[in-house]
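Report on the structure given below.
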Amino acid sequence: MLASTYITLVAIYSVQAIIIIAGNTFTIFVFWTQRSSLKRTYLLLINLAVADLLVGITELIVIGSVKSQDLGKGILMLSRSNFSAAAFTLFFSSTSVYFLALVSLERAFAVLRPIRHRITNRRVYIYSIVIVWVIAIVFFGLIMSSLYYPEINGVYVFVTGRTSLLISILVICTSYLSISARLRAPSPAVIDNHKQRSREHNLRLSKTLYIAIASSLVF
């Protein structure tokens, strides 16, 4: 019974990791080939795809390193034997959620403040991406420090990580509630064709990303 459960879990996690790797590799490839025509929003999506790709890669490493008796307790069980690989998976998973929150904020800004969004400097996107990676790296450093330095209370690290993820989810929900409210609001009576097309494009992109973000959080 234990052997069959182990094999089933390995199969499920392996298929999940392979799908993650294949899907995000294809996404990055498409973005790269179309990079000359892509807008600033795709800088965020590329980084999101990279973080998700690394989640899949590290998950396969965890599967290869975790003991059979630990697998039933969760693929991300942070025992010393597989702590490093699992910590990297947690690191990239958290980074992915942070980027989902950043994408949500950017979409809310594009829909609620379209004129200011159009004149926003590209450097703002780059700085935002750097900040997200720095926050994720700091969280990863706390995780690793809690293992090798007993004086660091692991409970505080856990609470800090979970709080940051909760804040990210609240940002996502608030952003899309704001977008939803704008979608229900009547369109301006007088608006030129260019602004109308831009508004419709932002709304379509926001709807698509909402579905993608909601699916990602559910899974």
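- Leu105 and Leu45 sit in two unconnected hydrophobic clusters of ILVMFWY residues. Membership requires side-chain heavy atoms under 4.5 Å apart, directly or through other members.
- We find the CD-CG distance between Gln16 and Leu60 to be 10.0 Å, quoted to the nearest 0.5 Å.
- Looking only at distances, no side-chain donor or acceptor of Arg107 sits under 3.5 Å from a matching main-chain atom of Thr41.
- To the nearest 0.5 angstrom, Leu53 atom CG is 13.0 Å from Ile46 atom CD1.
- Heavy-atom minimum distance, Glu59 versus Thr89: N-OG1, 3.7 Å.
- Connection of Phe109 to Val111 is not established within any shared hydrophobic cluster, with ILVMFWY side chains joined at heavy-atom distances below 4.5 Å, either directly or through further cluster members.
- Residues Val124 and Arg40 have side chains not in contact (no heavy-atom distance under 4.5 Å, counting atoms from C-beta outward).
- Between the side chain of Ser175 and the backbone N or O of Val171 there is at least one donor-acceptor pair closer than 3.5 Å.
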Could you list the donor-acceptor pairs under 3.5 angstrom formed by side chains in residues 130-144, with sequence neighbours left out?
| residue | atom | partner | partner atom | Å |
| --- | --- | --- | --- | --- |
| Trp133 | NE1 | Asn47 | OD1 | 3.0 |

Point to revise | Criterion side-chain contact (heavy atoms from CB on, under 4.5 Å) on Ile115 and Arg118, from CA distance to verdict | key: CA-CA 5 Å; Ile115 296 176; Arg118 283 197 296 272; 3.5 Å; yes
Point to revise | Working for side-chain contact (heavy atoms from CB on, under 4.5 Å), residues Leu100 and Ser168 | key: CA-CA 8 Å; Leu100 290 176; Ser168 298; over 6 Å; no
Check your understanding: Please walk me through it: do His117 and Glu106 pass side-chain contact (heavy atoms from CB on, under 4.5 Å)?
Key -> CA-CA 8 Å; His117 177 262; Glu106 194 272 346; 2.6 Å; yes
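- When every heavy atom of Leu112 is checked against every heavy atom of Ser178, the shortest pair comes out as CD1-CB, 3.8 Å.
- The distance from atom CG of Leu170 to atom OG of Ser104, rounded to the nearest 0.5 Å, is 11.5 Å.
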Exercise for review: Starting from the C-alpha separation in whole Å, work towards a yes-or-no answer on side-chain contact (heavy atoms from CB on, under 4.5 Å) for Phe88 and Val62.
Suggested key: CA-CA 9 Å; Phe88 272 105; Val62 172; over 6 Å; no
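- In this structure, OH on Tyr125 lies 9.5 Å from CD1 on Ile129, to the nearest 0.5 angstrom.
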With a 3.5 Å cut-off and sequence neighbours excluded, list the donor-acceptor pairs that the side chains of residues 23-33 form with protein atoms.
| residue | atom | partner | partner atom | Å |
| --- | --- | --- | --- | --- |
| Asn24 | ND2 | Ile20 | O | 2.8 |
| Thr25 | OG1 | Ile21 | O | 2.6 |
| Thr27 | OG1 | Gly23 | O | 2.9 |
| Thr33 | OG1 | Phe29 | O | 3.2 |
| Thr33 | OG1 | Val30 | O | 2.9 |

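- The structure places OG of Ser128 at 9.0 Å from CZ of Phe99, a figure rounded to the nearest 0.5 Å.
- Here OH of Tyr13 is found 15.0 Å from CD1 of Ile18. Values are rounded to the nearest 0.5 Å.
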